[in-house]
Amino acid sequence: MANKLTSRAEDYSKWYNELVMQADLAQHSEVKGCMVIKPYGYAIWENMRDVLDKMFKETGHQNAYFPLFIPKSYMSKEAKHVEGFAKECAVVTHYRLKTDELTGEVVVDPDAKLEEELIVRPTSETIIWNTYRNWIQSYRDLPILINQWANVVRWEMRTRLFLRTAEFLWQEGHTAHATKAEAIEESEKMLHVYAKFAEEWMAMPVIRGVKSESERFAGAEDTYCIEALMQDGKALQAGTSHFLGQNFAKAFDVKFADKTGKMEYVWASSWGVSTRLMGALIMTHSDDEGLVLPPKLAPIQVVMVPIYKNDEQLAALAAKMDELSAKLTAKGIRVKVDLDDTKKPGWKFAEYELKGVPVRIAMGPRDLENGSIEVARRDTKEKMALQMEGAEEVIEALLNKIQENLFLRSSEFRTNHTTEVNDYDEFKQVLNSKGGFVSAHWDGTAETEEKIKQETKATIRCIPLDAKEEEGKCIYTGAPSSKRVLFAKAY
RNA sequence: CGGGGCGUAGCGCAGUCCGGUUAGCGCACCUGGUUUGGGACCAGGGGGUCGCAGGUUCGAAUCCUGCCGCCCCGACCA
């Protein structure tokens with residue numbers, strides 16, 4: 001039957017969609033722009049969530065939960081914030097349905113109109129800062145270091161599974177500080193937490209940077225970001241951390257008395273990553289056979305498939321597999337022994353490749369005789385024969401090796417797709433041929449950025465934190481520039 | 001909002017142009033048997049308001065009108 005995926009070369013975006021659905025990660029829901037995250041996809045998200053949650057707690061944060069609904073009036077308190085989100089807000093206007101007596105249909109009860117409409121949160125700065133007002137009186141109440149895991153809704157015109165959906169899952173950290181320096185330090189710290197997670201767990205190299213003014217979060221003084229490069233040469237914003245200044249404190253009148261008794265506005269940060277990371281994970285490593293998962297996040301790290309001719313063999317294989325499985329489990333490795341009798345081995349091989357399981361072990365009658373197993377790795381498709389005795393050590397090392405290899409491979413790809421250019425023609429040429437990040441001088445103005453965007457569809461992904469001082473001329477206007485910024489077409 | 005596509009079994013589709021018995025195919029599913037080292041095979045079986053509403057007609061999945069929904073491309077997008 002062969003459920004072949006469209007190849008990446010043929011149609012990258014089709015490949016992505018088919019992969020997400022065939023690997024059982026998610027499907028479109030009946031509601032436009034929304035998705036159903038299926039158990040296998042959700043298991044990956046849970047792994048991400050658990051790791052991140054631990055990292056947040058290790059950096060001193062606590063979880064809390066704020067309401068889904070935000071009174072409309074809150075949204076308008078911070079001018080830039082409302083401007084940025086107004087066009088994509090879902091609004092609750094009524095609180096009751098009733099059965100229409102004439103048609104028998106369920107209709108909105110016009111008598112149940114809300115006095116003040118409620119906004120379904122697109123992000124929670126407003127409701128959280130409105131709450132913080134009552135939590136903060138003194139410098140002794142600071143800092144407040146809170147994170148929440150939640151769903152948010154942004155009524156996007158065009159959506160894509162995981163990359164941009166109308167409703168998505170995320171975490172949002174909201175912190176309050178006594179000083180500007182401390183708030184900046186916090187937003188930078190969390191950026192590095194994200195970068196560490198992306199690189200060490202997702203095996204996805206990221207650029208740490210700062211957004212240009214026009215790409216900044218609505219209501220932020222500065223937006224830090226991690227930017228990743230996908231296999232089709234487009235960039236993906238994988239996480240953001242904002243220094244909010246005193247903007248929300250002023251909008252919601254959140255002041256504290258400092259040590260001298262003087263009233264000051266509170267300084268803020270907010271930071272978030274979402275289920276978009278799933279999209280990033282998929283597009284960083286996967287191939288034409290399906291998903292490729294880094295071992296550290298794979299719901300199943302090792303799958304065992306028996307090959308047999310009769311029940312007797314199956315029983316013998318199952319016993320051996322359970323034995324090895326127990327040894328692997330003892331090492332904290334997530335193992336599945338697939339004894340399903342209704343699927344053939346070949347079918348299972350293809351299926352687990354599609355699902356990105358890092359290591360597959362096959363065991364048949366020959367192995368029973370020889371005390372061996374066949375080990376196949378998903379990232380390189382290599383197969384090798386191993387003695388079953390002591391195999392758990394080799395497999396444990398192999399999982400680490402796969403994790404490393406994925407990071408090396410994607411880092412190499414990014415290096416090969418990052419190009420320094422010094423004039424506009426070259427800039428356009430690189431964008432249209434190999435894509436990727438294009439490192440170029442820019443005069444620092446929003447006008448130039450906008451023009452380049454209009455002409456090439458490339459945006460400034462970020463000003464890398466590690467950009468070195470270098471005299472140069474803006475590729476568009478020729479005006480002087482002191483450092484290079486990264487341009488790319490982006491998701 | 002503009003352009004394109006689609007809506008027929010759980011999934012993927014054909015049939016629609018040119019109306020005509022009982023709406024078909026592949027996968028999946030169920031039963032039995034043979035199989036099992038890279039998506040098995042044979043035989044039998046179950047499953048349908050053809051997106052919705054109206055119209056034309058002796059007769060509509062098919063023609064006409066209206067509506068609804070989703071997907072893709074674009075505009076838009078902390």
Side-chain angles (χ1 to χ4, degrees), chain A residues 1-6 11-14 16-18 20-22 24 27-35 78 80-89 103 121-126 152-161 163-166 168 170 172 211-220 222-225 236-237 239-242 244 270-274 276 289-290 305-311 313-314 317 339-354 360-370 372-374 376 381 383 385 453-454 457 459 490-491:
Chain A
M1 59 171 225
N3 267 341
K4 276 295 242 183
L5 290 170
T6 299
D11 186 338
Y12 193 82
S13 133
K14 202 170 172 192
Y16 176 83
N17 277 320
E18 289 178 2
V20 168
M21 291 193 271
Q22 288 191 32
D24 250 352
Q27 65 180 61
H28 292 289
S29 75
E30 303 299 302
V31 182
K32 182 181 168 65
C34 292
M35 67 176 168
E78 212 290 332
K80 287 207 174 111
H81 189 70
V82 68
E83 189 188 315
F85 285 104
K87 283 178 286 182
E88 51 191 41
C89 284
T103 65
R121 63 181 165 218
T123 179
S124 303
E125 275 78 5
T126 55
V152 287
V153 169
R154 295 181 188 178
W155 214 268
E156 301 284 356
M157 289 173 179
R158 221 165 94 47
T159 57
R160 299 194 66 188
L161 290 168
L163 297 174
R164 178 172 291 108
T165 45
F168 56 93
W170 78 344
E172 45 181 328
K211 287 289 183 191
S212 63
E213 190 181 349
S214 46
E215 297 277 328
R216 205 175 275 161
F217 175 74
D222 253 323
T223 289
Y224 298 90
C225 63
L236 182 77
Q237 177 176 300
T240 47
S241 179
H242 317 290
L244 301 174
S270 71
W271 29 273
V273 295
S274 70
R276 177 180 247 204
E289 269 67 54
V305 178
I307 298 158
Y308 54 94
K309 294 200 194 314
N310 52 50
D311 287 350
Q313 281 181 355
L314 175 59
L317 287 165
L339 298 179
D340 185 350
D341 187 39
T342 65
K343 303 277 196 295
K344 291 189 64 182
W347 191 93
K348 293 179 184 174
F349 291 172
E351 180 68 7
Y352 290 114
E353 270 164 21
L354 181 61
R360 181 186 73 233
I361 294 174
M363 209 177 185
R366 287 205 299 266
D367 297 300
L368 273 183
E369 277 179 33
N370 304 333
S372 60
I373 56 176
E374 181 194 74
K381 309 262 175 59
K383 289 183 191 174
K453 182 180 175 181
Q454 302 245 317
K457 291 188 177 163
T459 49
Y491 276 98

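First the proteins, then the strands, lettered A, B, ... as listed; each starts at 1. The figures that follow rest on heavy atoms only: side chains count, while hydrogens, waters and symmetry mates do not.
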Inset, instruction - Return no unless some side-chain N or O of A:Lys344 is found under 4.0 Å from OP1 or OP2 of B:G39. - result: no
Legend entry - Distance, rounded to the nearest Å, where A:Tyr491 contributes OH and B:C77 contributes P: 19 Å
Inset, instruction - Grab the two heavy atoms, one from A:Pro122 and one from A:Cys89, that are nearest each other, plus how far apart they are. - result: CG-SG, 4.0 Å
Legend entry - Side-chain heavy-atom pair A:Ile307, A:Arg366 within 4.5 angstrom cut-off: no
Legend entry - Contact summary for A:Asp367 and A:Ser372, nearest pair of heavy atoms: OD1-OG, 2.7 Å
Legend entry - Polar pair under 3.5 Å, donor/acceptor by atom type, side chain A:Lys383, base B:G37: no
Inset, instruction - Please round to the nearest 0.5 Å and tell me the distance separating atom NE2 of A:His81 and atom OG1 of A:Thr123. - result: 5.5 Å
Inset, instruction - Taking atom C1' in both B:G48 and B:C13, compute the distance separating them and give it to the nearest angstrom. - result: 15 Å
Inset, instruction - Report the residue (A:Pro306 or A:Glu351) whose heavy-atom-nearest nucleotide on RNA chain B is the more 5′ of the two. - result: A:Pro306
Inset, instruction - Could you state the atom-to-atom distance from CG of A:Asn310 to P of B:U36 in whole Å? - result: 10 Å
Inset, instruction - Starting from C1' on B:U36, measure out to CG on A:Leu317 and report it in whole angstrom. - result: 12 Å
Inset, instruction - Write down the distance separating the P atoms in B:C70 and B:G32, rounded off to the nearest Å. - result: 43 Å
Inset, instruction - Classify the nucleic acid contact of A:Pro122 as base, sugar-phosphate or nothing, counting any heavy atom under 4.0 Å across all strands shown. - result: nothing
Legend entry - Proximal nucleotide (of B:C77, B:G38, B:G37) relative to the A:Glu353 side chain: B:G38
Inset, instruction - Measure from the side-chain heavy atoms of A:Ile307 and tell me the nearest of B:G37, B:C29, B:G39. - result: B:G37
Inset, instruction - Grab the CZ-C1' distance between A:Arg360 and B:G39 for me, whole Å please. - result: 12 Å
Inset, instruction - Calculate, to the nearest 0.5 Å, the distance between atoms NZ and NZ belonging to A:Lys383 and A:Lys381 respectively. - result: 11.0 Å
Inset, instruction - Rounded to the nearest angstrom, tell me the gap between atom CH2 in A:Trp347 and atom C1' in B:C27. - result: 12 Å
Legend entry - Nearest-Å distance for atom pair CD/P, residues A:Glu156 and B:C1: 17 Å
Inset, instruction - Give RNA chain B the dot-bracket treatment, 5' to 3': Watson-Crick (N1-N3 with N6-O4 or O6-N4) or G-U (N1-O2, O6-N3) under 3.5 Å, [ ] crossing, | other strand. - result: ((((((((.[[[[.)....(...]]]].((((((.....)))))).....[[[[[..)....]]]]])))))))....
Legend entry - Atom P, compared across B:C17 and B:G10: separation rounded to whole Å: 26 Å
Inset, instruction - Quote, to the nearest angstrom, the C1' distance that separates B:G46 from B:C63. - result: 34 Å
Inset, instruction - Classify the nucleic acid contact of A:Tyr12 as base, sugar-phosphate or nothing, counting any heavy atom under 4.0 Å across all strands shown. - result: nothing
Inset, instruction - Taking atom P in both B:U62 and B:G55, compute the distance separating them and give it to the nearest angstrom. - result: 14 Å
Legend entry - A:Lys14 NZ to A:Leu5 CG distance, which is reported to the nearest 0.5 Å: 11.0 Å
Inset, instruction - Side chain of A:Ala350 only, please: which of B:G38, B:G37, B:U36 is the nearest? - result: B:G38
Legend entry - Separation of A:Glu156 CD from A:Leu163 CG (nearest 0.5 Å): 11.5 Å
Inset, instruction - For B:G47 versus B:C42, give the span between their P atoms, rounded off to a whole number of Å. - result: 23 Å
Inset, instruction - Would you classify A:Arg276 as touching base, sugar-phosphate or nothing, given that sugar-phosphate means primed atoms plus P, OP1 and OP2, and contacts are heavy atoms under 4.0 Å? - result: nothing
Inset, instruction - Could you check whether A:Gly364 gets within reach of a base, just the sugar-phosphate, or nothing at all, counting any heavy atom under 4.0 Å? - result: base
Legend entry - Between B:G26 and B:A9 - C1' atom distance, rounded Å: 13 Å
Inset, instruction - Please report the closest heavy-atom contact between A:Lys348 and A:Val305, naming both atoms and the distance. - result: CD-CG1, 3.8 Å
Inset, instruction - Measure from the side-chain heavy atoms of A:Tyr308 and tell me the nearest of B:U36, B:C77, B:C29. - result: B:U36
Inset, instruction - Using a heavy-atom cut-off of under 4.0 Å over every strand shown, decide if A:Arg216 touches base, sugar-phosphate, or nothing. - result: sugar-phosphate
Legend entry - Residue pair A:Arg216 / A:His242, side-chain heavy-atom distance below 4.5 Å: no
Legend entry - Within 45° cone and under 6.0 Å: A:Arg360 NZ/CZ vs A:Phe349 ring: yes
Legend entry - For the student: nearest non-hydrogen atoms of A:Cys225 and A:Thr240, plus distance: CB-CG2, 4.1 Å
Inset, instruction - Send over the distance from A:Asp341 CG to B:U34 C1', rounded to a whole Å. - result: 14 Å
Inset, instruction - May I have the distance from A:Lys348 (atom NZ) to B:G38 (atom P), rounded to whole angstrom? - result: 14 Å
Legend entry - CG on A:Asp24 to CD on A:Glu351, rounded to 0.5 Å: 7.0 Å
Inset, instruction - Could you work out the separation of B:U49 and B:C11 based on their P atoms and round it to a whole Å? - result: 12 Å
Inset, instruction - If a protein heavy atom is under 4.0 Å from the base, mark B; if only from the sugar-phosphate, S; if neither, -; do that for nucleotides 67-75 of chain B going 5' to 3'. - result: ---SSSSBB
